[in-house]
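Here's the structure we're looking at; comments come further down.
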Amino acid sequence: MSFTRTLRAVGGAVVAGALLFGTAPVASADQIRHDQWPLRSFGADDIWKVSTGKGVTVAVIDDPVDGSHPDLKGNVLPGKSFLDGGTADSPDGKNEHGTAMASLIAGHGHGPGGSDGVKGLAPDAKILPVGIDLGDKEESYAEPLRYAVDHGAKVVNMSFEDFGDTSPAEKAAVDYARKHDVLLVASSGNSGSSIPHLPSSVPGVLAVGAVDIDLKVWKFSSYGSHIKLLAPGLHIRSAGVETPYRLANGTSDSTAYVSAAAALLRSKFPDLTAGQIANRLVKTAGLPDEMKGKKLPDPHYGYGFIRPSKALTANIPAGSKNGPLPALSEDSSKASGNGKDAQQATESDNGMGTGVIIGIVGGVVGLLVVVLIVVLVVKKKNGRNGPPPGGPGGYGGPGGPGGFVPHPPYPGHQQQPSAPGAYPSAPPTQPPGR
């Protein structure tokens, strides 16, 4: 899979207000918090009386995160950088995308009462930074995702996009995360097209688009049948690296807000599965008046924009363990395990496992030996007693009741319903030719 800088470029093209205000003003601490319109729109002060995301770890697969930023200090775990093998809690040069996403999820502000700077929607959640190079076309998120799962993440934020194909290793990593009850959230992309972007269009990943302050879909928010939810993505203030704060547009930011909302829910409802958490977000999502009554999910709106307060407090039945996400197939579950399981799943996909093939070959050889012995006995007997009544082709001839026409042990070698690989995986939900 090849990563692109599309999200960083589009999300960074309006960084620090350069395109919004002409030049990047030096904002006061009070202005920074005032700029966080999504918190007011969500009713964050009331939300934090119900849940703050405490006890939940959110992995951010992105640029390394600046864990020393005053609005993040104490909320960032060491993590791992897949750039150099070290930790991922210090910034990677000037790259600040990961720091920005982390601050929208679990920023706690600073100053008296944390009233200054950027505050995330889940300010007591912990960030597990998983550093990758978004510009490396050979980079794969498979190993970083497995690392996040193995190190306690209950939500994984993936604010990046790609236009290539999902590799078998990446698909197996997604299945591995789902098998371990981890909710995956990814950005739909900023091209404003229906071309499915990865990893958001991989089945089982919660794909997120962006809305503006009027809760209208952003014109550059990519769309398609895989879109599930929307969240604020325009004029988003977040933490930076080169400068303390930045202002940006993008589905990266909306994805971070959905990840934060999921952290709030996982904190309050620890017994719900990842799919049931997604179900609460979907069942409580809002829609503009002109969209009400239309068939959902809509290619642009999905099920609607998130309403975290309602998701935390509404009486919503838990529902199925997968919620709005597709069920994991039996083969996918096997392939999502360790190397041995993945090998067994590959053998199943090819038809039969090595052990089954050996068993069948042994059975055929044994049957042929029996046939040879019987033929010899019959031949000897016929030599003593002469041909059977009716001559050649009679009861003792080939094809007659006494004849032997060898057959394989299982007609046509058809697999039984319980055999490995007997049931195909669920059909892909992505459009062909992506």
Side-chain angles (χ1 to χ4, degrees), residues 38-39 41-61 75 101-108 119-128 148-149 152-159 177-187 200 204-209 211 227-233 253-287 296-297 302-326:
L39 296 183
S41 179
F42 290 141
D45 288 338
D46 291 330
I47 286 174
W48 295 329
K49 295 174 184 177
V50 180
S51 177
T52 59
K54 188 174 183 178
V56 177
T57 297
V58 180
V60 175
I61 301 180
N75 275 10
M101 299 306 104
S103 70
L104 296 178
I105 297 168
H108 49 57
K119 199 163 185 177
L121 184 58
D124 284 337
K126 295 295 184 184
I127 297 295
L128 177 67
V149 173
K154 297 303 291 180
V155 180
V156 176
N157 187 86
M158 298 186 288
S159 290
R178 296 191 62 204
K179 184 180 178 183
H180 287 78
D181 194 37
V182 178
L183 183 61
L184 307 179
V185 188
S187 46
S200 66
V205 176
L206 203 60
V208 180
V211 293
I227 299 300
K228 295 294 188 295
L229 292 166
L230 303 173
D253 306 275
S254 52
T255 299
Y257 275 124
V258 172
S259 293
L264 296 174
L265 291 169
R266 301 222 80 164
S267 179
K268 183 180 179 184
F269 303 105
D271 295 331
L272 293 185
T273 66
Q276 290 167 340
I277 293 295
N279 181 59
R280 290 192 75 90
L281 290 170
V282 162
K283 289 292 179 63
T284 56
L287 290 165
L296 301 178
Y303 290 98
F305 44 81
I306 60 169
R307 293 191 288 184
S309 181
K310 189 171 183 179
L312 284 165
T313 58
N315 183 17
I316 306 292
S320 70
K321 68 176 182 179
N322 294 304
L325 305 176

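Heads up: numbering here begins at 1 and tracks the sequence.
Legend: salt bridge (charged side-chain N to carboxylate O under 4.0 Å, His left out) pairs involving residues 261-276, not counting sequence neighbours, sorted by first then second residue: Asp181-Arg266.
Note that CD1 of Ile105 and OG1 of Thr255 are 9.5 Å apart. Values are rounded to the nearest 0.5 Å. Between the CD atom of Gln276 and the CG atom of Leu325 there is a distance of 11.0 Å, given to the nearest 0.5 Å. To the nearest 0.5 Å, atoms CG (Leu206) and CE (Met158) are separated by 10.0 Å.
Residues satisfying the ring pair (Phe, Tyr, Trp, His ring centres under 6.0 Å) test with Tyr303, not counting sequence neighbours, are none. Listed by chain and residue number, Asn279 satisfy the side-chain hydrogen bond (donor to acceptor under 3.5 Å, both in side chains) test with Lys283 (two or more places apart in sequence, or in another chain). When the side-chain hydrogen bond (donor to acceptor under 3.5 Å, both in side chains) test is applied to Ser200, no partner is found at least two apart in sequence or on another chain. Every residue two or more places apart in sequence or in another chain that forms a side chain to side chain contact (heavy atoms under 4.5 Å, CB included) with Lys321 is listed here: Thr273.
The two residues Leu121 and Ala260 come nearest to each other via the heavy atoms CB-CB, 3.6 Å. Here the closest non-hydrogen pair linking Ala314 and Thr284 is CB-CG2, 4.1 Å. Contact between Pro123 and Asn75 at its shortest, heavy atoms only, is O-ND2, 2.8 Å. Considering all non-hydrogen atoms of both residues, Ala186 and Val205 come closest at CB-CG1, 3.6 Å. The two atoms that bring Ala231 and Ser254 nearest to each other are O-CB, 3.1 Å, heavy atoms only. Considering every non-hydrogen atom in both Leu281 and Ala311, the closest pair reads CD2-CB, 4.3 Å.
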Donor-acceptor pairs are to be reported for all side-chain atoms of residues 49-59 against protein atoms at under 3.5 Å, with residues two or more places apart or in another chain.
| from | atom 1 | to | atom 2 | distance (Å) |
| --- | --- | --- | --- | --- |
| Ser51 | OG | Gly53 | N | 3.4 |
| Ser51 | OG | Leu264 | O | 2.8 |
| Thr52 | OG1 | Asp124 | OD2 | 2.7 |

side-chain contact (heavy atoms from CB on, under 4.5 Å), that's the test. Do Ile127 and Met101 meet it? Break it down for me. CA-CA 10 Å; Ile127 297 295; Met101 299 306 104; over 6 Å; no

- Evaluate the criterion side-chain contact (heavy atoms from CB on, under 4.5 Å) for residue pair Leu229 and Val185; output intermediate values, then yes/no. CA-CA 10 Å; Leu229 292 166; Val185 188; over 6 Å; no

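Inter-residue side-chain proximity for Phe42 and Pro232 is flagged as met; some heavy-atom pair is nearer than 4.5 Å. For the pair Val282/Leu296, no side-chain contact is recorded, criterion being any heavy-atom separation below 4.5 Å from C-beta on.
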